[in-house]
S.K.: 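The following block contains the structure, expressed as structure tokens.
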Amino acid sequence: MLKPEDFYQALRDAEVAPIEGLVKKALAEGHPAADILNLGLIGGMSIIGKEFKARDLWVPDVLLAARNMKQGVEILRPLFSREGQKSKGRIILGTVKGDIHDIGKNLVSIMMSGSGFEVIDLGIDIPLEKFLAAIEEHKPQVLGLSALLTTTMLEMKKVIEAVRKSPLSEKPYVIVGGAPVTEAFAREIGADGYGADAVAAVEIASKLLESRA
Ligand code: B1M
């Protein structure tokens, strides 16, 4: 049985070796990669989040945990990838302006690639002009926005409005997600879809493309 507390301990370590060891051990024991991700890494990170909120941890501790988490995710990445398959559609992903959180967005990127989407990941702290330029250049069917702060959630609304008002002939569907984002908020800001997690993001993007076909 995978215990989030074990992953929490390894995420808090100053070295990356413990988290790498834990992920590799779980794989060797036959745990599915999705369980290691959801129960282990995300479970451990949610304990970090609670302690950060309670001020039992500080930004440097969380930065360390984020570095360790990324390392753990990298080990799992190939297990979610499906190289060489026909593209299901193109998606541009990015964390909106003012926001540098990217662990969740990176998971969405991994799951999208693993499900056959061609992913163009713009990164973090992306201003709306950059989203618009990338849409014009790459002509994606879907734009995915991530935000982790209550303050930056509102930036998503600005991006959606700018996409809708733009003179682009083929406008992408816009899906949104991130810890503070809800289905109701997504509807309120005019998004086409909301994903509570990375798997849900893939499901909604796939559904939207099916409805267009
Ligand atoms: Co920040 N941080 N942080 N942080 N941080 C939160 C978000 C916070 C909730 C912590 C807390 O107080 N409990 C809080 C926000 C409070 C609020 O807005 N109400 C907070 C704060 C306050 C801050 C700073 C302001 C702290 C400071 O400087 N004083 C600062 C802001 C910097 C900035 O962005 N301008 C800051 C900084 C940081 C670090 C840099 C230290 C680090 C980020 C490192 C990195 O990402 N590279 C960090 C971290 C790690 C966190 C917590 C602890 C963990 C976030 C995380 O990675 N979770 C977080 C606490 C929490 O969320 N409980 C917190 C794991 C990840 C897998 O989940 O990102 O939710 P998540 O992604 C999920 C879903 O949300 C969804 O799928 C993912 C997989 O299931 N999803 C999508 C995400 N994007 C999606 C897009 C989709 C669909 C689904 O469609 C496109």
Side-chain angles (χ1 to χ4, degrees), residues 4 7-8 11-12 33-74 76-77 80 89 91-115 117 119-127 131 140-156 159-160 163 172-183 185-186 189 191-208:
F7 285 79
Y8 161 79
L11 286 173
R12 292 229 35 210
D35 285 358
I36 302 171
L37 183 62
N38 292 318
L39 301 174
L41 290 167
I42 296 181
M45 186 54 100
S46 71
I47 302 176
I48 304 251
K50 282 184 195 125
E51 295 195 344
F52 187 36
K53 190 171 184 185
R55 299 184 181 225
D56 292 333
L57 287 183
W58 299 97
V59 171
D61 303 305
V62 184
L63 271 174
L64 203 66
R67 182 205 64 184
N68 290 347
M69 170 109 182
K70 280 186 179 177
Q71 210 59 34
V73 168
E74 278 313 309
L76 299 177
R77 184 189 284 273
F80 291 109
I91 176 162
I92 288 183
L93 279 179
T95 303
V96 296
K97 187 171 120 188
D99 200 321
I100 62 169
H101 295 85
D102 68 354
I103 296 173
K105 169 190 67 61
N106 295 345
L107 292 180
V108 174
S109 168
I110 290 171
M111 293 299 178
M112 288 282 179
S113 306
S115 307
F117 281 89
V119 179
I120 295 158
D121 188 343
L122 300 181
I124 54 172
D125 192 16
I126 304 300
F131 280 117
Q141 287 78 40
V142 184
L143 170 67
L145 305 174
S146 182
L148 263 286
L149 300 172
T150 42
T151 46
T152 57
M153 279 163 80
L154 299 168
E155 183 67 21
M156 292 175 155
V159 178
I160 293 174
V163 170
Y173 291 114
V174 186
I175 65 169
V176 296
V181 181
T182 60
E183 178 104 53
F185 178 77
I189 62 172
D192 298 299
Y194 158 73
D197 57 33
V199 173
V202 172
E203 284 169 2
I204 189 70
S206 305
K207 257 192 210 146
L208 287 167

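We count ligands from 1, going down the list as the structure has it; atoms in each ligand are counted the same way.
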S.K.: Are there protein heavy-atom neighbours of atom 65 (C) of ligand 1 below 4.0 Å?
M.R.: yes
S.K.: If we count only non-hydrogen protein atoms and require a distance under 4.0 Å, does atom 52 (C) of ligand 1 qualify as touching the protein?
M.R.: no
S.K.: Who's the nearest protein heavy-atom neighbour of atom 74 (C) of ligand 1, and how far?
M.R.: A196 O, 3.5 Å
S.K.: Under 4.0 Å, heavy atoms only, figure out whether ligand 1 is touched by the backbone of K53, its side chain, both or neither.
M.R.: both
S.K.: Below 4.0 angstrom from a heavy atom of A201, which ligand 1 atoms are there? Numbered from 1 as shown, please.
M.R.: 88 (C)
S.K.: Could you check atom 27 (C) of ligand 1 against the protein and tell me its nearest heavy-atom contact, residue, atom and distance included?
M.R.: V59 CG2, 3.9 Å
S.K.: Taking only heavy atoms of G144, which atoms of ligand 1 are found under 4.0 Å from at least one of them?
M.R.: 91 (C)
S.K.: Contact between ligand 1 and A65 is defined here as a heavy atom of the residue under 4.0 Å from a ligand atom; is it met?
M.R.: no
S.K.: Measure across V159 and L143 and return the closest heavy-atom pair with its distance rounded to 0.1 Å.
M.R.: CG1-CD2, 4.0 Å
S.K.: Under 4.0 Å from a heavy atom of A66: which atoms of ligand 1 are those, numbered in the order shown and with their elements?
M.R.: 44 (C)
S.K.: Tell me which one of G43, G49, G178 gets a heavy atom nearest to atom 83 (C) of ligand 1.
M.R.: G178
S.K.: At what distance, to the nearest 0.5 angstrom, does OG1 of T95 lie from CE of M156?
M.R.: 8.5 Å
S.K.: Looking at non-hydrogen atoms alone, which of L149, I92, N38 comes nearest to atom 15 (C) of ligand 1?
M.R.: L149
S.K.: Quick one: does atom 8 (C) of ligand 1 have a protein heavy atom under 4.0 Å from it?
M.R.: no
S.K.: What protein heavy atom sits nearest atom 43 (C) of ligand 1, and how far away is it?
M.R.: H101 CD2, 3.6 Å
S.K.: Which value, rounded to the nearest 0.5 Å, describes the distance between L145 atom CG and I189 atom CD1?
M.R.: 7.5 Å
S.K.: Could you tell me the residue and atom name of the protein heavy atom closest to atom 49 (C) of ligand 1, and the distance to it rounded to 0.1 Å?
M.R.: V62 CG1, 3.3 Å
S.K.: Residue-level breakdown please: for D125 versus ligand 1, do any non-hydrogen atoms fall below 4.0 Å on the side chain, on the backbone, on both, or on neither?
M.R.: neither
S.K.: When rounded to the nearest 0.5 angstrom, what distance separates CZ in F7 from CE in M69?
M.R.: 10.5 Å
S.K.: Which ligand 1 atoms are under 4.0 Å away from a heavy-atom of D99?
M.R.: 34 (O)
S.K.: Mind checking whether T150 has an N or O less than 3.5 Å away from an N or O of ligand 1?
M.R.: yes
S.K.: So how far is it from T182 OG1 to M153 CE, rounded to the nearest 0.5 Å?
M.R.: 6.0 Å
S.K.: Do me a favour and list the nearest non-hydrogen protein atom to atom 67 (C) of ligand 1 with residue, atom name and distance?
M.R.: L107 CD1, 3.5 Å
S.K.: Among protein heavy atoms, which sits nearest to atom 26 (C) of ligand 1, and what does the distance come to when rounded to 0.1 Å?
M.R.: F52 CZ, 3.9 Å
S.K.: Hey, what do you get for NZ (K70) to CD (E74), rounding to the nearest 0.5 Å?
M.R.: 9.0 Å
S.K.: Tell me the nearest of G177, A191, G104, G193 to atom 73 (C) of ligand 1, using heavy-atom distances.
M.R.: G104
S.K.: Kindly give the heavy-atom pair with the smallest separation between A191 and V176, and that separation in Å.
M.R.: CB-CG2, 3.9 Å
S.K.: Looking only at protein heavy atoms, which one is nearest to atom 58 (N) of ligand 1, and what is the separation?
M.R.: M45 CG, 3.8 Å
S.K.: Which pair of heavy atoms, one from T152 and one from A147, lies closest together, and at what distance?
M.R.: OG1-CB, 3.8 Å
S.K.: With heavy-atom distances below 4.0 Å as the criterion, list the atoms of ligand 1 near I175.
M.R.: 91 (C)
S.K.: In a check of side chain to side chain contact (heavy atoms under 4.5 Å, CB included) between K105 and each of D121, V96, L148, which one passes?
M.R.: D121
S.K.: By number and element, which atoms of ligand 1 are closer than 4.0 Å to a non-hydrogen atom of D197?
M.R.: 76 (C), 77 (O), 80 (O), 89 (C)
S.K.: How long is the gap from OG on S46 to OH on Y8, to the nearest 0.5 Å?
M.R.: 11.5 Å
S.K.: Who's the nearest protein heavy-atom neighbour of atom 45 (C) of ligand 1, and how far?
M.R.: D102 OD1, 3.5 Å
S.K.: Work out whether the distance between some heavy atom of K70 and some atom of ligand 1 is less than 4.0 Å.
M.R.: yes
S.K.: When only distance counts, is A179 in polar contact with ligand 1, meaning an N/O pair under 3.5 Å?
M.R.: yes
S.K.: Give the minimum heavy-atom separation between I110 and F80, together with the two atoms involved.
M.R.: CG2-CB, 3.5 Å
S.K.: Is G98 in polar range of ligand 1, meaning some N or O pair under 3.5 Å apart?
M.R.: yes
S.K.: Given G44, G195, A198, which one has a non-hydrogen atom that is nearest to atom 89 (C) of ligand 1?
M.R.: G195
S.K.: So which bit of T152 gets within less than 4.0 Å of ligand 1, heavy atoms only: side chain, backbone, both or neither?
M.R.: neither
S.K.: When you compare ligand 1 with I100, is there at least one nitrogen or oxygen pair between them that comes in under 3.5 angstrom?
M.R.: yes
S.K.: So which heavy atom on I175 is nearest to which on A205, and how close?
M.R.: CD1-CB, 4.3 Å
